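Chain identifiers are assigned alphabetically (A, B, ...) following the order of the sequence lines, protein sequences preceding nucleic acid strands; residue numbering begins at 1 within each chain. It should be emphasised that the depicted structure is a prediction, and the values quoted were computed from it without experimental measurement.
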Number of protein chains: 2
Amino acid sequence: MLDAKTIAAKLEEAGVQATAQRIAIYQYIVCEADHPTAEEIKDWADQNFPKMSLATVYNTLNILVAAGLLKDYRFPNMSKVIYDSNVVHHHHFLDDETGQLIDIDPDVVEVTSKLKKEFHISQIQILFRGTRQTVRK
Amino acid sequence: MLDAKTIAAKLEEAGVQATAQRIAIYQYIVCEADHPTAEEIKDWADQNFPKMSLATVYNTLNILVAAGLLKDYRFPNMSKVIYDSNVVHHHHFLDDETGQLIDIDPDVVEVTSKLKKEFHISQIQILFRGTRQTVRK
DNA sequence: TTACCTGCAAACTCTTTGCACCGCA
DNA sequence: TGCGGTGCAAAGAGTTTGCAGGTAA
């Protein structure tokens, strides 16, 4: 759990003025939330912040994405945008039973593609789908 | 280019009543269109079909997807749904310059993942991003 | 003081739905 | 004749924007 001061420093470092709302949202996404949608963030704010409009939630998220502090994703199964505080390149595993999204380290995955040489690949995004068997005794 | 009769047969085979609108839309997607959006289909219909409402376009697309004749995709960079008449499993290449989406045969790609055994993978969807260098003389 | 941020409501985009009509089996 | 498909318009979900007021450097 990072404290507000650390969060504020990260915002400033990324060139984003650290306001109360921005600190709260970013802290929530980094520390508590797991791939939240704008709606989830708004719900959280309604319970944990004096007052924050939906527009501010969206504005803030867009600013944080533009500053490189968050990444936004769209996935096949849902119409809403998902925000991720993990901005280094990684893949995802989608649990089709729970809907949970789990980050996958690229080092765990190896891709060998024999595409024609006219394709210049700058990035590979993989979505694994399936179910996650929780270990039982 | 498949004729209307063949298209109609495919629809019936999939348990979808073959109406003029459905034949037209499916034929367009199979023969002419390249990963169209609902909007592109509507635009095409406005110019090539006596009269078709937007609701019919959406209804038809949903029916065709449910029948397994089309697959719908959402990609990170666009908010609209994309329809694909290629329903066998495949990957995609997104040209970041032109926005064009190109089907990639899974046989051309090999993925080795060392995920923990609790992850039961049923499907892997890969999105390659980059640019496509058209061959020049 | 001034630039920037916030809140509100309205607008906008994409998609779905309710209902009346119509045509084909 | 009836069931299902179509068209229209309105509603719905998710997101963006314009503007007035506020707040901190």
Student: Report yes if a side-chain nitrogen or oxygen of A:Gln21 is closer than 4.0 Å to either non-bridging phosphate oxygen (OP1 or OP2) of C:dG7; otherwise report no.
Tutor: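 For A:Gln21, the contact criterion (side-chain N or O under 4.0 Å from OP1 or OP2 of C:dG7) is met.
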Student: Any chance NZ of B:Lys10 has more than 12 other-residue heavy atoms, nucleotides or ligands included, within less than 6.0 Å?
Tutor: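 Counting other residues, nucleotides and ligands, NZ of B:Lys10 stays at 12 neighbours or fewer.
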Student: Does A:Tyr58 make a side-chain N or O approach to OP1 or OP2 of D:dT16 shorter than 4.0 Å?
Tutor: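 The answer is no; no side-chain N or O of A:Tyr58 sits under 4.0 Å from OP1 or OP2.
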Student: Give a yes or no on whether A:Lys114 atom NZ has more than 12 heavy-atom contacts from other residues, nucleotides or ligands under 6.0 Å away.
Tutor: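 More than 12 heavy atoms, drawn from other residues, nucleotides or ligands, come within 6.0 Å of this atom.
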Student: Side chain of A:Leu54: nearest nucleotide among C:dT15, D:dT15, C:dC5?
Tutor: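 It is D:dT15.
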Student: Any chance the rings of A:His35 and A:Tyr73 have centres within less than 6.0 Å?
Tutor: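 No, the ring of A:His35 stays outside the 6.0 Å limit from the ring of A:Tyr73, centre to centre.
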Student: With a 4.0 Å limit, can you tell me whether A:Ser53 has a side-chain N or O closer than that to the phosphate oxygens OP1/OP2 of C:dT6?
Tutor: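 Answer is no, no contact under 4.0 Å.
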Student: Starting the side chain at C-beta, find the nucleotide from C:dT15, D:dT6, C:dG7 nearest to A:Met52.
Tutor: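 Closest nucleotide to the A:Met52 side chain: C:dG7.
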Student: Heavy atoms under 4.0 Å, any strand shown: does A:Asn62 hit a base, just sugar-phosphate, or nothing?
Tutor: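 A:Asn62: backbone/sugar contact only, no base atoms under 4.0 Å.
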Student: With respect to the side chain of B:Lys51, which nucleotide from C:dT15, D:dG14, D:dG7 is positioned closest?
Tutor: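 Within the option list, the nearest is D:dG7.
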Student: So, is B:Thr19 near the phosphate of D:dT6, with a side-chain N or O under 4.0 Å from OP1 or OP2?
Tutor: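 Yes, within the criterion.
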Student: Of the nucleotides C:dC14, C:dT15, C:dT16, which has the atom closest to the B:Lys80 side chain?
Tutor: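 The listed nucleotide nearest to B:Lys80's side chain is C:dC14.
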